[in-house]
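A quick note: this is a predicted structure, and the numbers were derived from the prediction, not measured.
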Amino acid sequence: MIEFSQVSKTYPNGQTALQDISFRLPTGRMAFLTGPSGAGKSTLLKLIPQIERPSSGKVLIHGSDISRLAGCRSPYLRRRIGLICQSPLLLV
Ligand SMILES: Nc1ncnc2c1ncn2[C@@H]1O[C@H](COP(=O)(O)OP(=O)(O)O)[C@@H](O)[C@H]1O
Ligand SMILES: [Mg+2]
C-alpha cells in the first residue's frame, strides 16, 4: 500500500533529512516509526500526502508513483489518506 524505494530528501537549505530509504508497508499492516529528534520521521511522513516532495527515489501509494504526480492532483491523493497532525494550527 505504501512503498518507498531509495528515497532521499534534501531541503533547499542543503540539509539532508532522508538518504536512500526503502520499505514496503502492505495493506492492513500497522507500523510504528520511531527515532531520535532530527532522524527524519516527520519528513518521511510528509512525503506520503505530498506536503514535501522527495529529492530522489519513488514513493508509491497503492502502486502509483506519487513522486511524478502533478501538484494539482494532491487533493485527490490526500482524500485517501488519514493524517492527524501533532500540532494542528488550523485556528492560527
Ligand atoms: N523545512 C525544513 N528545512 C530544512 N531542514 C529541515 C526542514 N524540516 C526538517 N529539516 C531537517 O531535516 C532533518 C530531519 O528533520 P525531521 O524530519 O523533522 O526529523 P524528526 O521528525 O525525526 O525529528 C533535521 O536535521 C531537520 O533539521
Ligand atoms: Mg518530527
For S5, what residues pass the side chain to side chain donor-acceptor pair (under 3.5 Å) criterion, not counting sequence neighbours?
none
Apply side chain to side chain donor-acceptor pair (under 3.5 Å) to S55 and list each qualifying residue two or more places apart in sequence or on a separate chain.
none
Are I2 and I61 side-chain neighbours, meaning at least one heavy-atom pair lies under 4.5 Å?
yes
Give the other cluster members for I84, using side-chain heavy-atom distances under 4.5 Å between Ile, Leu, Val, Met, Phe, Trp and Tyr residues; answer none if it is isolated.
none
Can you give the donor-acceptor pairs under 3.5 Å from side chains of residues 73-80 to other protein atoms, not counting sequence neighbours?
from: S74; atom 1: OG; to: Q50; atom 2: OE1; distance (Å): 2.6
from: S74; atom 1: OG; to: G71; atom 2: O; distance (Å): 3.0
from: R78; atom 1: NE; to: P49; atom 2: O; distance (Å): 2.8
from: R78; atom 1: NH2; to: P49; atom 2: O; distance (Å): 3.4
from: R78; atom 1: NH2; to: Q50; atom 2: O; distance (Å): 3.1

Give me each pair satisfying salt bridge (charged side-chain N to carboxylate O under 4.0 Å, His left out) with a member in residues 6-19, each pair once, sequence neighbours excluded.
K9-E52
Using the salt bridge (charged side-chain N to carboxylate O under 4.0 Å, His left out) rule, collect all pairs that involve residues 53-70, keeping only residues at least two apart or in two chains.
D65-R68
Mind checking what makes side chain to side chain donor-acceptor pair (under 3.5 Å) contact with E3, not counting sequence neighbours?
none
By the side chain to side chain donor-acceptor pair (under 3.5 Å) test, which pairs, at least two apart or in different chains, include something from residues 17-46?
Y11-T43
So which heavy atom on L18 is nearest to which on G40, and how close?
CD2-O, 3.6 Å
Strictly by ring-ring contact (aromatic ring centres under 6.0 Å, His included), give each pair with a member in residues 15-56 just once, sequence neighbours left out.
F4-F23
Same cluster (ILVMFWY, side-chain, under 4.5 Å), V7 and I51
no
Linking I/L/V/M/F/W/Y whenever their side-chain heavy atoms sit closer than 4.5 Å, directly or via other members, would I66 and I48 fall into one cluster?
yes
Main-chain N/O of S56 paired to S8 side chain as donor or acceptor, under 3.5 Å
no
Could you tell me which residues satisfy side chain to side chain donor-acceptor pair (under 3.5 Å) with S64, sequence neighbours excluded, listed by chain and number?
none
